[in-house]
Amino acid sequence: MLSRIAHRRAPALLQRTSVVRALPVIVPRRSLVAPPKPGDGPLMERRADRELPDVEGNRFRWSRTMPMFLAIIAVASVAIFNYQKLSSPVVGATLYALRTNERAREYLGDEIYFKQRIPWISGEMNQLQGRINIRFAVKGTRNTGFMTFASFRPTPRGLFETTEWSLETTDGRRIDLLEGGDPFRNMVSGGLDLDDDEDLEATTRGFRQMPK
(Lines give C-alpha, C1' and ligand atoms only; values in the text may rest on other atoms or scores of the structure.)
Protein backbone atom coordinates (compact mmCIF):
# COMPACT_ATOMS: atom_id res chain seq x y z
CA MET A 1 0.00 0.00 0.00
CA LEU A 2 2.73 2.44 0.95
CA SER A 3 4.76 1.64 -2.11
CA ARG A 4 1.83 2.40 -4.36
CA ILE A 5 1.19 5.77 -2.69
CA ALA A 6 4.90 6.70 -2.91
CA HIS A 7 4.98 5.62 -6.54
CA ARG A 8 2.01 7.88 -7.32
CA ARG A 9 3.37 10.99 -5.50
CA ALA A 10 6.97 10.68 -6.66
CA PRO A 11 6.45 12.45 -10.04
CA ALA A 12 4.70 15.38 -8.33
CA LEU A 13 7.52 15.77 -5.83
CA LEU A 14 10.14 15.67 -8.56
CA GLN A 15 8.25 18.30 -10.55
CA ARG A 16 8.10 20.64 -7.54
CA THR A 17 11.79 20.19 -6.85
CA SER A 18 12.69 21.07 -10.44
CA VAL A 19 10.54 24.18 -10.32
CA VAL A 20 12.21 25.34 -7.09
CA ARG A 21 15.66 24.76 -8.61
CA ALA A 22 14.73 26.67 -11.74
CA LEU A 23 13.76 29.79 -9.78
CA PRO A 24 16.64 32.31 -9.31
CA VAL A 25 17.94 32.80 -5.82
CA ILE A 26 17.21 36.43 -4.78
CA VAL A 27 19.48 37.78 -2.05
CA PRO A 28 17.94 40.85 -0.39
CA ARG A 29 20.23 43.88 -0.62
CA ARG A 30 19.74 47.47 0.55
CA SER A 31 21.08 50.23 -1.68
CA LEU A 32 22.96 53.17 -0.21
CA VAL A 33 20.86 56.21 0.62
CA ALA A 34 22.14 59.53 -0.71
CA PRO A 35 23.30 62.06 1.91
CA PRO A 36 21.02 64.99 2.69
CA LYS A 37 21.30 68.06 0.49
CA PRO A 38 20.98 71.71 1.46
CA GLY A 39 17.32 72.56 1.88
CA ASP A 40 16.11 69.00 2.47
CA GLY A 41 15.02 69.80 6.01
CA PRO A 42 15.99 68.26 9.32
CA LEU A 43 17.47 64.78 9.48
CA MET A 44 14.89 62.72 11.38
CA GLU A 45 16.77 59.41 11.44
CA ARG A 46 20.30 58.12 10.99
CA ARG A 47 20.83 54.94 9.04
CA ALA A 48 23.96 52.83 8.94
CA ASP A 49 23.82 52.49 5.15
CA ARG A 50 23.69 56.24 4.46
CA GLU A 51 26.28 57.43 1.98
CA LEU A 52 28.96 59.74 3.34
CA PRO A 53 29.02 63.33 2.01
CA ASP A 54 31.67 64.52 -0.39
CA VAL A 55 34.44 66.05 1.69
CA GLU A 56 36.13 67.81 -1.22
CA GLY A 57 32.92 69.47 -2.33
CA ASN A 58 32.10 70.87 1.12
CA ARG A 59 35.61 72.05 1.99
CA PHE A 60 35.93 75.72 2.93
CA ARG A 61 37.91 77.59 0.29
CA TRP A 62 39.97 80.55 1.50
CA SER A 63 40.69 81.64 -2.04
CA ARG A 64 37.09 82.83 -2.44
CA THR A 65 36.63 84.70 0.85
CA MET A 66 40.13 86.03 1.59
CA PRO A 67 40.14 88.76 -1.14
CA MET A 68 36.73 89.96 0.02
CA PHE A 69 37.88 90.02 3.64
CA LEU A 70 41.03 91.99 2.78
CA ALA A 71 39.01 94.47 0.71
CA ILE A 72 36.61 95.08 3.61
CA ILE A 73 39.51 95.60 6.00
CA ALA A 74 41.18 98.07 3.61
CA VAL A 75 37.99 100.10 3.09
CA ALA A 76 37.30 100.18 6.82
CA SER A 77 40.85 101.33 7.59
CA VAL A 78 40.68 104.14 5.03
CA ALA A 79 37.31 105.27 6.40
CA ILE A 80 38.64 105.28 9.99
CA PHE A 81 41.71 107.36 9.08
CA ASN A 82 39.59 109.81 7.09
CA TYR A 83 37.19 110.19 10.01
CA GLN A 84 40.13 110.84 12.32
CA LYS A 85 41.28 113.68 10.05
CA LEU A 86 37.76 115.03 9.70
CA SER A 87 37.22 115.19 13.47
CA SER A 88 40.56 116.96 14.04
CA PRO A 89 40.39 120.55 15.38
CA VAL A 90 42.76 121.57 12.58
CA VAL A 91 40.09 120.93 9.95
CA GLY A 92 37.51 122.82 11.98
CA ALA A 93 39.91 125.74 12.44
CA THR A 94 40.74 125.97 8.74
CA LEU A 95 37.06 125.82 7.80
CA TYR A 96 36.22 128.56 10.30
CA ALA A 97 39.08 130.73 9.05
CA LEU A 98 37.90 130.18 5.49
CA ARG A 99 34.42 131.43 6.39
CA THR A 100 35.84 134.61 7.90
CA ASN A 101 38.37 135.31 5.13
CA GLU A 102 37.30 138.15 2.80
CA ARG A 103 39.00 136.77 -0.32
CA ALA A 104 37.48 133.34 0.21
CA ARG A 105 34.00 134.79 0.75
CA GLU A 106 34.41 136.94 -2.34
CA TYR A 107 34.86 133.82 -4.48
CA LEU A 108 32.83 131.16 -2.65
CA GLY A 109 30.07 133.32 -1.23
CA ASP A 110 28.20 132.63 2.00
CA GLU A 111 27.46 129.35 3.81
CA ILE A 112 30.93 127.89 3.21
CA TYR A 113 31.07 124.20 4.06
CA PHE A 114 32.36 120.85 2.79
CA LYS A 115 31.42 120.08 -0.79
CA GLN A 116 30.67 116.37 -0.33
CA ARG A 117 28.15 114.92 2.05
CA ILE A 118 30.95 112.69 3.40
CA PRO A 119 34.07 114.86 3.12
CA TRP A 120 37.34 113.32 1.97
CA ILE A 121 40.40 114.83 3.66
CA SER A 122 43.48 114.05 1.59
CA GLY A 123 47.06 114.54 2.66
CA GLU A 124 49.03 114.11 5.89
CA MET A 125 48.05 115.19 9.37
CA ASN A 126 50.67 114.28 11.97
CA GLN A 127 50.58 116.79 14.78
CA LEU A 128 52.87 114.64 16.93
CA GLN A 129 55.69 114.92 14.38
CA GLY A 130 54.76 118.50 13.50
CA ARG A 131 53.62 117.92 9.90
CA ILE A 132 50.25 119.02 8.51
CA ASN A 133 49.43 119.07 4.81
CA ILE A 134 45.72 118.59 4.02
CA ARG A 135 43.42 119.35 1.12
CA PHE A 136 39.63 119.06 0.79
CA ALA A 137 36.79 120.37 -1.36
CA VAL A 138 34.62 123.25 -0.17
CA LYS A 139 31.58 125.01 -1.52
CA GLY A 140 29.60 128.20 -1.04
CA THR A 141 26.56 129.90 -2.45
CA ARG A 142 28.54 131.09 -5.49
CA ASN A 143 31.32 128.65 -6.40
CA THR A 144 33.25 125.58 -5.30
CA GLY A 145 36.95 124.93 -4.88
CA PHE A 146 39.72 123.06 -3.08
CA MET A 147 41.33 124.42 0.05
CA THR A 148 44.95 123.52 0.83
CA PHE A 149 46.54 124.01 4.21
CA ALA A 150 50.16 123.16 5.08
CA SER A 151 51.97 123.80 8.33
CA PHE A 152 55.00 122.45 10.17
CA ARG A 153 56.62 122.74 13.59
CA PRO A 154 60.38 123.38 13.45
CA THR A 155 61.07 122.20 17.01
CA PRO A 156 59.20 119.84 19.36
CA ARG A 157 58.48 122.74 21.75
CA GLY A 158 57.91 125.36 19.09
CA LEU A 159 54.87 126.81 17.34
CA PHE A 160 53.36 125.65 14.09
CA GLU A 161 54.25 127.81 11.12
CA THR A 162 51.86 127.95 8.19
CA THR A 163 53.60 127.51 4.85
CA GLU A 164 50.54 127.43 2.59
CA TRP A 165 46.89 128.32 2.86
CA SER A 166 45.29 128.67 -0.53
CA LEU A 167 42.07 128.15 -2.42
CA GLU A 168 42.09 126.53 -5.85
CA THR A 169 39.20 127.55 -8.09
CA THR A 170 37.41 125.42 -10.65
CA ASP A 171 39.28 127.11 -13.52
CA GLY A 172 42.69 126.33 -11.97
CA ARG A 173 43.33 129.75 -10.46
CA ARG A 174 45.05 129.82 -7.05
CA ILE A 175 44.00 132.33 -4.41
CA ASP A 176 46.57 132.93 -1.67
CA LEU A 177 44.74 133.37 1.63
CA LEU A 178 47.84 134.26 3.69
CA GLU A 179 48.18 137.77 2.29
CA GLY A 180 46.25 139.25 5.20
CA GLY A 181 48.29 137.41 7.81
CA ASP A 182 48.43 133.97 9.41
CA PRO A 183 45.24 133.35 11.43
CA PHE A 184 46.38 129.84 12.48
CA ARG A 185 49.33 130.78 14.66
CA ASN A 186 47.27 130.58 17.84
CA MET A 187 44.69 128.08 16.56
CA VAL A 188 46.97 125.16 15.72
CA SER A 189 49.21 125.61 18.75
CA GLY A 190 46.29 126.21 21.10
CA GLY A 191 47.43 129.72 21.88
CA LEU A 192 50.41 128.55 23.98
CA ASP A 193 54.03 129.46 23.49
CA LEU A 194 55.83 126.41 24.86
CA ASP A 195 59.17 128.16 24.71
CA ASP A 196 58.05 130.65 27.34
CA ASP A 197 58.65 129.34 30.86
CA GLU A 198 55.97 131.58 32.33
CA ASP A 199 53.27 130.24 30.03
CA LEU A 200 54.42 126.68 30.65
CA GLU A 201 54.21 127.23 34.41
CA ALA A 202 50.72 128.67 34.04
CA THR A 203 49.49 125.64 32.13
CA THR A 204 50.85 123.20 34.72
CA ARG A 205 49.67 125.14 37.75
CA GLY A 206 47.56 122.96 40.02
CA PHE A 207 48.38 119.75 38.13
CA ARG A 208 50.99 117.56 39.80
CA GLN A 209 53.01 120.61 40.70
CA MET A 210 55.90 119.83 42.97
CA PRO A 211 56.27 122.10 46.00
CA LYS A 212 59.23 124.44 45.85
Side-chain angles (χ1 to χ4, degrees), residues 38 55-101 103-105 107-178 182-194 203-204 207-208:
V55 179
E56 295 294 333
N58 298 332
R59 179 174 295 180
F60 184 77
R61 300 187 180 277
W62 287 96
S63 59
R64 299 178 182 177
T65 58
M66 184 59 70
M68 185 181 301
F69 173 75
L70 294 178
I72 294 175
I73 293 297
V75 172
S77 301
V78 171
I80 290 173
F81 287 127
N82 184 71
Y83 177 77
Q84 183 179 8
K85 294 179 183 179
L86 181 62
S87 59
S88 173
V90 177
V91 176
T94 54
L95 192 61
Y96 173 78
L98 191 66
R99 292 170 180 169
T100 57
N101 187 273
R103 301 192 65 185
R105 292 174 62 89
Y107 173 74
L108 295 175
D110 299 330
E111 300 180 5
I112 299 175
Y113 200 63
F114 298 108
K115 182 179 180 180
Q116 294 91 357
R117 185 180 298 272
I118 302 178
W120 174 255
I121 311 298
S122 60
E124 180 186 11
M125 184 181 296
N126 193 340
Q127 293 179 265
L128 183 62
Q129 299 294 331
R131 296 190 303 269
I132 300 175
N133 189 359
I134 57 176
R135 187 173 186 265
F136 55 88
V138 293
K139 68 175 181 179
T141 55
R142 297 179 182 175
N143 294 306
T144 60
F146 286 90
M147 194 206 72
T148 303
F149 175 75
S151 179
F152 80 100
R153 186 176 57 197
T155 60
R157 295 172 58 88
L159 294 174
F160 277 90
E161 299 179 3
T162 304
T163 57
E164 181 182 359
W165 184 38
S166 62
L167 181 65
E168 183 180 349
T169 62
T170 54
D171 56 356
R173 186 167 54 92
R174 180 177 172 274
I175 302 176
D176 188 7
L177 303 177
L178 287 176
D182 184 5
F184 303 103
R185 183 172 181 81
N186 295 328
M187 289 183 182
V188 178
S189 61
L192 298 176
D193 189 358
L194 298 181
T203 57
T204 58
F207 181 75
R208 295 183 180 179

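Keep in mind that this is a model prediction, so the values were computed, not measured. In this chain, numbering begins with 1 at the start of the sequence shown.
Within the 4.5 Å cutoff, the side chain of Q116 has no heavy atoms near those of the I118 side chain. The side-chain heavy atoms of P154 and E161, taken from C-beta on, include a pair separated by under 4.5 Å. The shortest side-chain heavy-atom distance between I112 and K139 does not fall under the 4.5 Å cut-off.
Annotation: side chain to side chain donor-acceptor pair (under 3.5 Å) contacts of D171 (sequence neighbours excluded): T169. Applying the side-chain contact (heavy atoms from CB on, under 4.5 Å) rule to E111 yields the partners T141; only residues at least two apart in sequence or on another chain are considered. By the salt bridge (Lys or Arg N to Asp or Glu O under 4.0 Å) test, D110 pairs with R105, sequence neighbours left out. In this structure, P67 has no side-chain contact (heavy atoms from CB on, under 4.5 Å) partners at least two apart in sequence or on a different chain. R135 meets the salt bridge (Lys or Arg N to Asp or Glu O under 4.0 Å) test with E168; sequence neighbours excluded. With sequence neighbours excluded, no residue forms a side chain to side chain donor-acceptor pair (under 3.5 Å) with R174. Listed by chain and number, the residues in a ring-ring contact (aromatic ring centres under 6.0 Å, His included) with Y107 amount to none (sequence neighbours excluded). Partners of R142 according to the salt bridge (Lys or Arg N to Asp or Glu O under 4.0 Å) rule, which considers only residues two or more places apart in sequence or in another chain, do not exist here.
Considering T144, L108, T94 in turn, L108 is the only one that fulfils the side-chain contact (heavy atoms from CB on, under 4.5 Å) rule with V138.
Counting all heavy atoms, side chain and backbone alike, F146 lies closest to A137 at CE2-CB, 3.6 Å.
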Item to check | Verdict with supporting geometry, I132 and E124, side chain to side chain contact (heavy atoms under 4.5 Å, CB included) | outcome: CA-CA 6 Å; I132 300 175; E124 180 186 11; over 6 Å; no

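For the atom pair CG of L70 and OG1 of T65, the computed distance is 9.5 Å after rounding to the nearest 0.5 Å. Atom OG1 of T162 sits about 4.0 Å away from atom CZ of F149, to the nearest 0.5 Å.
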When the side chains of residues 71-91 are checked against the rest of the protein, which donor-acceptor pairs come out under 3.5 Å, sequence neighbours left out?
| unit_1 | atom_1 | unit_2 | atom_2 | d |
| --- | --- | --- | --- | --- |
| S77 | OG | I73 | O | 2.8 |
| N82 | OD1 | I121 | N | 2.8 |
| N82 | ND2 | P119 | O | 3.0 |
| K85 | NZ | G123 | O | 2.4 |
| S87 | OG | Y83 | O | 3.0 |
| S87 | OG | Q84 | O | 3.3 |
| S88 | OG | V90 | N | 3.3 |

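Counting non-hydrogen atoms of neighbouring residues, nucleotides and ligands closer than 6.0 angstrom, the CE atom of M66 exceeds 12 such neighbours.
Within the 3.5 Å criterion, the main-chain N or O of W165 finds no donor-acceptor partner in the side chain of T148. Put simply, the side chain of R131 never gets that close to the backbone of R153: no donor and acceptor are under 3.5 Å apart.
Among residue pairs with one or both ends in residues 111-137, those qualifying as ring pair (Phe, Tyr, Trp, His ring centres under 6.0 Å) are F114-F136; sequence neighbours excluded.
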